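What follows is a set of notes on a single structure, which appears directly below.
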Amino acid sequence: MSGYSAPHCGSLRAKDAGRDVELYGWVARRRDQGGLIFIDLRDRWGAIQVVFNQALSPSSHATAADLRSEYVVRVKGVIGQRPSGSENPRMATGEIEVAASELEVVNSSETTPFQIEDPDEPDEKTRLEYRYLDLRRPRMTRMLELRSRVNKIIRDFMDGSEFIEVETPILTRSSPSGARDFLVPSRLHPGSFYALPQAPQMLKQLLMVSGVQRYYQIARCFRDENLRADRQPEFTQLDIEMSFCDEEDVFGLIEALFSKLWHDVLGVDLTTPFPRLDIKESLLRFGTDKPDLRHDLEIADLGHVLAETKAQIFRGALDAGGVVRGLRVPGGRDMPRRDLDELVTVAKGAGGRGMAWLPGSSIDKFLTEAEIAGIKQATGAEEGDLVLLVADRKRKAETVMGLIRQEVARRRKLIREDEWKFLWINPTYLFEEDDQGKLTYAHHPFTRPFEEDMSFVEERPYDVRAHAYDIVCNGYELGGGSLRIYDPAMQERVFQLLGMPLETIRARFGTLLEAFTYGVPPHGGIAPGIDRIVMMLGGTDNIRDVVAFPKTQSMSDLMLGAPSELDAAQLEELHIQVVPPKKPT
RNA sequence: GGUCCCGUGGUGUAGCCUGGCCAAACACGCGGCCCUGUCAAGGCCGAGAACGCCGGUUCGAAUCCGGUCGGGACCGCCA
């Protein structure tokens with residue numbers, strides 16, 4: 001028998017009592033009692049206690065005396081019920097143990113940089129430098145298994161819905177819009193570069209022209225943008241595109257898929273359909289496009305109430321075209337000054353001007369009684385409540401209030417941790433303002449507008465709704481997509497509204513537009529992020545926990561030492577000359 | 001590009017605000033010895049850090065200041 005087919009340490013149970021087994025694994029713990037030595041032998045499936053008894057097997061006992069943590073060993077013995085009273089209910093294998101008759105040290109181990117079995121998390125830096133050991137920690141092994149399982153459930157589900165998985169290239173072409181590309185120099189084409197895909201967006205639409213009808217791919221995507229706790233430079237999407245579909249088809253498919261995932265992995269039955277929330281309403285009431293609805297705090301607009309106010313901070317913001325927003329904190333009158341100051345720090349940390357509160361923070365005296373009453377009414381504040389106030393440019397005020405809302409909920413333990421609050425952000429809007437106040441597309445230029453809204457596009461372009469949607473859960477954006485334009489006249493109209501010159505359009509989207517002249521079906525899609533789904537199911541708030549070999553915030557791989565410099569010959573072959581960044585003087 | 005937090009033996013922390021009692025404490029781990037029912041085993045003994053790095057202030061710095069490197073959270077960014 002090879003170790004490959006040997007029983008798994010962690011899978012043995014009481015029913016296996018009496019079996020002669022040969023086990024392979026790592027020494028998780030060792031308890032040397034003199035004539036009796038216990039070790040917990042760990043493999044991917046768990047751990048089981050092995051007993052070395054000096055009286056019964058002197059040679060294996062002698063070898064066991066030299067065992068240390070993380071030694072790789074082979075043990076032969078017999079599974080037995082533990083003596084009554086010595087069972088360990090905390091172990092899945094706690095009713096039984098292996099009475100060892102033979103022990104071989106397959107490989108010894110140096111003392112590891114951190115203890116594999118220590119419940120304390122080692123420093124992030126150390127974990128990443130020794131990621132192969134970090135992944136040996138049972139918590140991380142479980143995450144790897146979970147991710148694998150999620151992938152399998154997804155593939156089974158998509159296959160069952162008659163989707164086919166198509167692989168698209170990793171070496172592809174730079175798309176001039178969107179995020180920064182990761183680029184790969186071409187040896188055969190001096191001065192030309194491949195780009196890694198930010199998403200297989202154009203290719204999946206082309207596959208619809210190909211007649212694939214139902215496409216999916218568990219697709220790696222690359223974006224050279226700054227990292228966050230839920231963002232890595234390379235990540236994985238469940239990329240989906242389907243023909244002849246409407247929004248309901250997409251929603252139904254995704255709701256069924258998430259229901260299956262949550263049911264199979266967590267045993268949780270989600271309520272469908274998921275509620276839908278207009279993006280503008282979400283930004284107003286929750287200060288974000290990915291609201292956490294596990295608590296009931298809501299933001300109120302106070303512009304109307306304070307229209308005539310003389311209070312300087314509000315007057316200034318409103319006159320500058322900004323907004324004033326308020327958040328009721330139930331029972332918040334007892335909030336310590338220190339907490340309020342920390343919320344101000346949150347506001348300022350997000351680039352906001354600050355935060356005021358009522359009653360208190362010495363703004364009361366600048367507000368009329370009617371204004372205070374109005375604020376109470378608009379926010380729903382009652383006796384004993386506190387109202388937090390932010391005055392700023394609209395976008396900034398929303399961001400700041402959104403952060404404060406979530407922070408208040410967290411600190412005051414208002415979040416119902418056992419809930420799964422899925423929702424669709426839908427509808428969204430076709431256009432938004434760019435930095436220069438010019439019209440630009442909110443999603444991408446193929447997003448299908450609401451037909452009926454196009455009648456007023458000239459007068460109120462920002463009110464034109466789009467068939468686009470994000471799926472959100474507990475404050476995380478789990479994915480987004482849209483129905484695409486397939487009518488050439490509509491497409492032309494949108495390009496025209498965006499003021500995009502013909503040659504720009506042709507350069508960026510020529511392939512797709514040409515393909516669309518050969519019989520394009522109506523189509524649409526969505527791309528849920530698999531990393532974030534696994535984060536949710538795995539109960540972690542950090543994407544690094546669900547990626548086997550992640551990058552640091554500065555995009556380094558501390559284990560491999562990537563990125564690294566290249567030698568001159570490699571650079572020459574690629575026709576690359578490195579120009580070091582100018583040192584600031 | 002910006003704001004904030006962190007960096008002390010192998011690991012996790014304390015000390016830092018209020019400089020000297022700190023060549024630095026505790027736990028885990030590590031080395032040795034003892035122990036036949038332990039399971040975060042236990043008992044005894046022992047080794048191990050001049051406090052990321054550079055510079056400054058000071059009679060004196062892990063502690064204060066500046067810079068720098070590294071890790072983390074967030075804003076901008078991520079159509």
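What you see is a predicted model, and the numbers here were worked out from it, not measured in a lab. Lettering of chains follows the sequences in order, A, B, ..., and the numbering in each one begins at 1.
For A:N226, no side-chain nitrogen or oxygen approaches OP1 or OP2 of B:C75 to under 4.0 Å. Put simply, A:S556 has no side-chain N or O that comes within less than 4.0 Å of OP1 or OP2 on B:G70. The phosphate of B:A73 (OP1 or OP2) has no side-chain N or O of A:R410 nearer than 4.0 angstrom. At least one side-chain nitrogen or oxygen of A:R228 sits closer than 4.0 Å to the OP1 or OP2 atom of B:C75.
Identified under the ring-ring contact (aromatic ring centres under 6.0 Å, His included) test for residues 39-58 of chain A, with sequence neighbours left out: A:H8-A:W45.
One interatomic measurement links the two molecules: CZ of A:R395 to C1' of B:C75, which rounds to 12 Å at whole-angstrom precision. Residue A:E477 contributes atom CD, which lies 12 Å from atom C1' of B:A79 at whole-angstrom precision. Atom NZ of A:K551 and atom P of B:C78 are 21 Å apart (whole Å). At whole-Å resolution of the value, CE in A:M555 and C1' in B:G72 are 16 Å apart. With rounding to whole Å, A:D289 atom CG is found 13 Å from B:A79 atom C1'. The CD-C1' distance, from A:Q553 to B:G70, rounds to 12 Å in whole Å. Rounded to whole angstrom, the span from the CD atom of A:E124 across to the P atom of B:A73 amounts to 7 Å. One atom, CZ of A:R393, and another, C1' of B:C75, lie 12 Å apart when rounded to the nearest Å.
Residue contacts for A:K348: at a heavy-atom cut-off of 4.0 Å it reaches no nucleic acid atom on any strand shown. Backbone-only engagement by A:L558 is indicated by non-hydrogen atom pairs under 4.0 Å involving sugar-phosphate atoms exclusively. Nucleic acid contact for A:S554: sugar-phosphate only, since backbone atoms but no base atoms lie under 4.0 Å from a heavy atom of the residue. Among the atoms of the strands shown, only primed sugar atoms or phosphate atoms (P, OP1, OP2) are found under 4.0 Å from some heavy atom of A:T399. Across all strands, A:N542 comes closer than 4.0 Å only to sugar-phosphate atoms, never to a base (heavy-atom distances). Among the protein residues, A:R231 comes within range of the nucleic acid bases, having at least one heavy atom under 4.0 Å from a base atom. Residue contacts shown for A:R544 are limited to sugar-phosphate atoms, with no base heavy atom under 4.0 Å away.
Shown here are the side-chain hydrogen bond (donor to acceptor under 3.5 Å, both in side chains) partners of A:D289, two or more places apart in sequence or in another chain: there are none. By the side chain to side chain contact (heavy atoms under 4.5 Å, CB included) test, A:A347 pairs with A:M355, A:V400, A:I404, sequence neighbours left out. In this structure A:T112 satisfies the side-chain hydrogen bond (donor to acceptor under 3.5 Å, both in side chains) test with no other residue, sequence neighbours excluded. Legend: residues meeting side chain to side chain contact (heavy atoms under 4.5 Å, CB included) with A:T141, ordered by chain and number and at least two apart, are A:R44, A:E145. Residues passing the ring pair (Phe, Tyr, Trp, His ring centres under 6.0 Å) test with A:F450 are A:H467, sequence neighbours excluded. For A:R31, the side-chain hydrogen bond (donor to acceptor under 3.5 Å, both in side chains) partners at least two apart in sequence or on another chain are A:D40, A:Q49. Remark: A:Q232 pairs with no residue by the side-chain hydrogen bond (donor to acceptor under 3.5 Å, both in side chains) rule, at least two apart or across chains. Partners of A:H295 under the ring pair (Phe, Tyr, Trp, His ring centres under 6.0 Å) rule, at least two apart in sequence or in another chain, do not exist in this structure.
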- request: Carefully, step by step, assess A:S482 and A:R484 under the rule side chain to side chain donor-acceptor pair (under 3.5 Å).
  value: CA-CA 6 Å; A:S482 64; A:R484 332 293 183 190; 2.6 Å; yes

message: Assess the residue pair A:Q217 and A:T168 against the criterion (side chain to side chain donor-acceptor pair (under 3.5 Å)); give the C-alpha distance rounded to whole Å, side-chain angles, the decisive distance to 0.1 Å, and a yes or no.
response: CA-CA 8 Å; A:Q217 180 180 194; A:T168 54; 2.9 Å; yes

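On the P atoms, B:G29 is 15 Å away from B:G12, given to the nearest whole Å. When the P atom is used for both B:U13 and B:G55, the distance is 29 Å, rounded to whole Å. Spacing between B:U8 and B:C16 at atom C1', rounded to whole Å, works out to 11 Å. B:C64 sits 11 Å from B:G20 when the P atoms are compared, rounded to a whole Å. Between the P atoms of B:A62 and B:G52, the separation comes to 10 Å (whole Å). With C1' as the reference atom, B:C53 and B:G7 are 11 Å apart, rounded to whole Å. To the nearest whole angstrom, the two C1' atoms, one in B:A47 and one in B:G32, are 10 Å apart. When the C1' atom is used for both B:G70 and B:A79, the distance is 33 Å, rounded to whole Å.
Figure legend. B:A50 is base-paired to no nucleotide; pairs are counted as Watson-Crick or G-U wobble with both atom distances under 3.5 Å. In this structure, B:C35 forms no base pair with any nucleotide, since neither Watson-Crick nor G-U wobble geometry is met with both distances under 3.5 Å. Across all strands shown, B:C64 forms a Watson-Crick or G-U wobble pair with B:G56, both key distances being under 3.5 Å. B:C4 is paired with B:G72 under the criterion used here, namely a Watson-Crick or G-U wobble arrangement in which both key atom distances are under 3.5 Å.
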- line: Going 5' to 3' through nucleotides 32-41 of chain B and flagging B where a protein heavy-atom sits under 4.0 Å of the base, S where only the sugar-phosphate is that close, and - otherwise, we get S--BBBBBSB

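The side chain of A:E225 sits closest to B:C78 out of B:G76, B:C78, B:C74.
Ring geometry, A:Y130 versus A:Y132: the interplanar angle exceeds 60°, so the pair is classed perpendicular (tilted spans 30 to 60°). Ring orientation note: the planes of A:F509 and A:F495 are close to parallel, at an angle under 30° on the 30°/60° scale.
Between A:R223 and A:S69, the residue whose closest nucleotide on RNA chain B is further toward the 5' end is A:S69.
With 3.5 Å as the limit, one finds no donor-acceptor pair spanning the side chains of A:D292 and A:Y476. Side-chain N/O atoms of A:E492 and A:Q496 include no donor and acceptor closer than 3.5 Å.
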Could you pull out the protein-nucleic contacts involving nucleotides 5-11 of chain B (nitrogen or oxygen on both sides, under 3.5 Å)?
unit_1: B:G10; atom_1: O2'; unit_2: A:P113; atom_2: O; d: 2.6
unit_1: B:G10; atom_1: N2; unit_2: A:Q115; atom_2: OE1; d: 3.0

Output one line per pair: protein atom, nucleotide atom from nucleotides 45-52 of chain B, and distance, for all N/O pairs under 3.5 Å.
none

